[in-house]
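The block underneath contains the structure these notes are about, expressed in C-alpha cells.
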Number of protein chains: 2
Amino acid sequence: MHVAEVNQRLVASPVLRQLSVRSVMERLLLDGATSRASLSRVTGLSKQTISEVMLVLTERGWVKESGMISGGVGRTAVRYEIDATAGFALGLDLGASTLRGVLVDISGTIVAQHELAADGQGGQLPAQAKLLKQILLDAAKAPAERLQIATVATPGVMSPQGRLDLAPNLPGIGELDLAGQLRASLDCQVMFENDVNAAALGEYWEAGENADNHFAFISIGTGVGLGILVDGQLLRGSSLAAGEIGYLPLGGDPFAPQSLEQGALESSIGATGILQRFARLGGSAQTVREIFDRLEAGDSAAEQTIDETARIAALLVLTVTSVIDPDRVVFGGNIGGRSELVRRIADWMPKVQKRPIRVEASSLGPRATVMGAAAMSLGQMHNSLFSTLEVPGRLGLPTLRQ
Amino acid sequence: MHVAEVNQRLVASPVLRQLSVRSVMERLLLDGATSRASLSRVTGLSKQTISEVMLVLTERGWVKESGMISGGVGRTAVRYEIDATAGFALGLDLGASTLRGVLVDISGTIVAQHELAADGQGGQLPAQAKLLKQILLDAAKAPAERLQIATVATPGVMSPQGRLDLAPNLPGIGELDLAGQLRASLDCQVMFENDVNAAALGEYWEAGENADNHFAFISIGTGVGLGILVDGQLLRGSSLAAGEIGYLPLGGDPFAPQSLEQGALESSIGATGILQRFARLGGSAQTVREIFDRLEAGDSAAEQTIDETARIAALLVLTVTSVIDPDRVVFGGNIGGRSELVRRIADWMPKVQKRPIRVEASSLGPRATVMGAAAMSLGQMHNSLFSTLEVPGRLGLPTLRQ
DNA sequence: TTCATTCGTCATGCTTACGAACAAATGGGT
DNA sequence: ACCCATTTGTTCGTAAGCATGACGAATGAA
C-alpha cells in the first residue's frame, strides 16, 4: 500500500520531490555508494524522506541496492549506489583524419572507447558514426535503448540548418544535412559542439577536483582556436563564435589582405604559418612534426621557428588573460600540445606580463575533444533526468525606471 | 485566526513558500501592479496560494494594496503593487574628480541622484560618501533604516584586506582601510565593484528590454578598461582581473620595457598616449578634450591622432569579439564615449573583420558607472530578499572515472 | 549477557498547495 | 427593474511532502 501510494504521488512529480530526488542523486553521483541514514545526514532531509526517494529511484531503475555496510558500531546498513547501467552517454569527435568515440555510464565511468580512421569522404560520416556507436555499445554490453544522448564534436560551427560551416578540413561537408543524418544514424538525442570547446571541457573535466572555475584552452593545429569555461560553463558567445581567434591581430599585420581572409594569428602560428616561417629561415619540411624532430636534433632554424611561434603564442596568452582572467591556460592540438612549445611559451610570459600565469600542456592530448563531448552528454543527461531547471536561481534586474 | 496561522508558518520560511513568494515578487517587479486573480493565472499558482502569499508580503511591508481595478466585466479586483518605499538601494561612483550617487527604490525607480566634487584628499572619501548618502536619502524622503544596501564603484580593485589597489588617480588611497571606513560611514551592507565593470552593468541595465546576454563595455579615459557581461552576469575572472586590458599587445611593442610597466595598449590609447601622439604629429595640447576641439575645427594633426587612436581601438574590438563574441561593444569613458571617435572605430572595423559587429557609444555617458553600481545594489537586494539561491540550478559534472 | 549505538520503519502532525464550491461584485441585455 | 454571465476572492476539504519521535532490529563493545 505504501508503494502504491508513492507511485500515485509521483505521477506529477511535484517541485519539492524533484528537489529531494536531485539532492540525493547529486550526493550519490559525487560521493558514490552510501546508506540511507548517511544520505539523510548529508542532505539534511529526514530519513523518512530519503527512504521514499530511494524507493522511487530504485523503482525507476536509477539506483540499486549494493550489499551491506558493516564493521562499525550499530546496525548494518543497506548500501545504495547508482545503477551505472541505467543510462549511457556518448561522445564523438569527428575529426578530419580520425573519428573517436567514448561511452560513459551514468556515474561518469568510461565504459568503452574506440577510434576509427576517417575514410575521407565527408558523406560517410553518419555511417561511420553509427558503426562507432555500435562498436562502443557492444564493447560495453550496453543495450542500445539505454543510450540516452550523444554529443558530436566537429570542427567549425553547426548552423541552425544542420549544416557544418567553417570546416575546411572536411571538404564538401557544408552541403550535407549533417545534423539530420547524424540524428538518424545515432537514434538518440544528439547535441553538437565545436571541437575546441569540447576539448576545453574535456581538459576541465579531466582536472577533476582541482578544476578551476575559469579556464581557457588554446588549440594550435591546422588552425587555432580557443575554448573558455566560466563558472564551469562553456562560453559560446552571441553568435556561437566565442574563441574564434584566428583573426586576432597578433603575429602579422591585421590590415593586410591575407589577414582579412585567413586571419593574422592563424597565418602566423597555424601549421601553414609555422611551415612558412621555417622555410623563410632556410629550413624545409613538409609537416610541423618534422620541425619538432629537427628541433630535438639541435637544428637552429627549427629552434628559431618554434621560439618565434612561442613568442606569438605568449602574446595570445597575454590577450586571453587580459580579457577573461582564467586561472590557467592549457594548450592542446597537434602543435599546441607539444611540451617543447609550451615550455617556451611559459618562458616568454614574464617578458610581457608581470602577473604570473599558469601555462600548461594538455594532459589528454588528442583525446581531449572526445572526452569533452562525452562530458557534455553526461552533464546534459544528468540535468535532464534529475535537475530542476524550471526553478530559477537568480532574479533578473527589473526594468529601469527613471 | 487565519492571520495568526500564516504568521506561525512563516517563521521557518520553507523552500516551497519561498519559491511561491519569489514567483509573485518577480511578476510584480516585472509587470507592475495587478490583482491576485491575475497573478494566479500568470504564475500558475492557485488563487488562494496567491492570497496567502500576498497576506505575508503585505504584513512584511513589501507589497501594498493600491486601489481597485474596475471597468471590465465582473467583480472589481483589489490591485496590489510593490511598496516602493519598503527598501532602497544605493549606488556610488567614487571617481577621481567627482563623486556620484544614485538612490533607487525597490521597484527599480530612480528616486534621487546627486554629485559632489571630490575634495582631492582620498582620506575624505568616507565622509563625502556619508554626506552624499544623506543628501540622497533626504531628497527622496527615505528613512535611513530603509537603506538596505550600497554598492561602491571605484577605480582599481578592492583587495580582500579592504584596501584599494591599482588606483593611481586616487593618491594615497592604498594606505587606508577604505572598505571598513565606507562600511562604517554608510551604515548598511556595502559591496565594492570596479568602476568599468559597474559601467558595463549600467549600460546593460539602461538598454532594458533590448539587453543582450553577451555584452562588452570598453572604457577609454586616463586608462583603458573592459567590462564583460555573460548571460547578464559580470565576468570578473579568477583573480578579479578580467577586463584589465591595459597590457594588451596592441598599438605598441609589447616587449618594450615601458609596455611591461604601463601596458602597451594603455600607453597607446590612454589619455597620455593620445597626447603624445598628437605632440609627435606637431600639435600641442594639455588635454584630449582640446584635441577633439581641434578636430572639430578641421586640424589635420588632430584628425590623424584621433584616426590612429580609432585604428588601434578597432583592433581592440577585434580582440574582444574574437575572444568572447559579444552582441555589441559599447564605448565609454571621457574619451571612449566621444561619438567622433566611435564613428571612426566603426569605420575601421570592416578592414579587420568581415563579420559585422555593432560598435556604439555609451548612452549614459559619465553616469554609466553610478547607474551600474545602483543596479548591482538593486539586484543584490532583490536576490537577498526574494531569491532562492540555496536551490541550485544545474548539476555539476561528476568525477571522471576511467 | 548487557548496553549503547546505528539503521530503518511506522505513526503522527504540520505545512503547503490545489480544486471545488460559494459569496460578492459588476456590467450588459431584456 | 431584473436576470445572468463573468470575474474576484474566500472557505473548506483533500492530497502531497516532510519532520519528528517512538520503536524494532541489528551489531559491536564492555
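Atom set for the values below is all heavy atoms of this structure, side chains included, hydrogens, waters and symmetry mates excluded. Quantities reported herein were computed from a predicted structural model and do not represent experimental measurements. Chain naming here is simple, since letters A, B, ... match the order of the sequence lines and numbering starts at 1 in each.
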Inset, instruction - Would you please confirm or rule out a distance under 4.0 Å between OP1 or OP2 of D/dT7 and any side-chain N or O of B/Ser35? - result: no
Inset, instruction - Looking at every strand, decide which applies to A/Leu45 at a 4.0 Å heavy-atom threshold: base, sugar-phosphate, or nothing. - result: sugar-phosphate
Inset, instruction - Going by the side chain to side chain contact (heavy atoms under 4.5 Å, CB included) test, name the single residue among A/Thr151, A/Val102, A/Asp105, A/Val104 that passes it with A/Leu378. - result: A/Val104
Inset, instruction - Mark yes or no for a side-chain to base donor-acceptor pair under 3.5 Å between B/Arg75 and C/dT26, with no hydrogen or angle criteria applied. - result: no
Legend entry - Atom pair distance, as rounded to whole Å: CD in B/Glu52 and C1' in D/dC12: 13 Å
Legend entry - Short side-chain N/O contact to C/dT9 OP1/OP2 from A/Ser51, under 4.0 Å: yes
Legend entry - Earlier contact from the 5' end, DNA chain C, for B/Met68 and A/Tyr80: A/Tyr80
Legend entry - Side chains of A/Glu206 and A/Ser363, donor plus acceptor under 3.5 Å: yes
Legend entry - Side-chain N or O of A/Ser20 closer than 4.0 Å to phosphate OP1/OP2 of D/dC18: yes
Legend entry - Touch class at under 4.0 angstrom, heavy-atom based, for B/Ser46 against every strand present: base
Legend entry - Sole candidate of B/Thr49, B/Val78, B/Val21, B/Val24 that passes side chain to side chain contact (heavy atoms under 4.5 Å, CB included) when paired with B/Met54: B/Val24
Legend entry - A/Pro143 vs A/Arg146 side-chain heavy atoms within contact, under 4.5 Å: yes
Legend entry - Closest to side chain of A/Arg17, choosing from D/dG17, C/dC10, C/dC7: D/dG17
Inset, instruction - Could you check how far CG of A/Leu16 sits from P of C/dC14, rounded to whole Å? - result: 19 Å
Inset, instruction - Give one of base, sugar-phosphate or nothing for B/Arg41, where a contact means two heavy atoms less than 4.0 Å apart. - result: sugar-phosphate
Legend entry - Nearest-nucleotide 5' precedence on DNA chain D, A/Thr76 against B/Ala77: B/Ala77
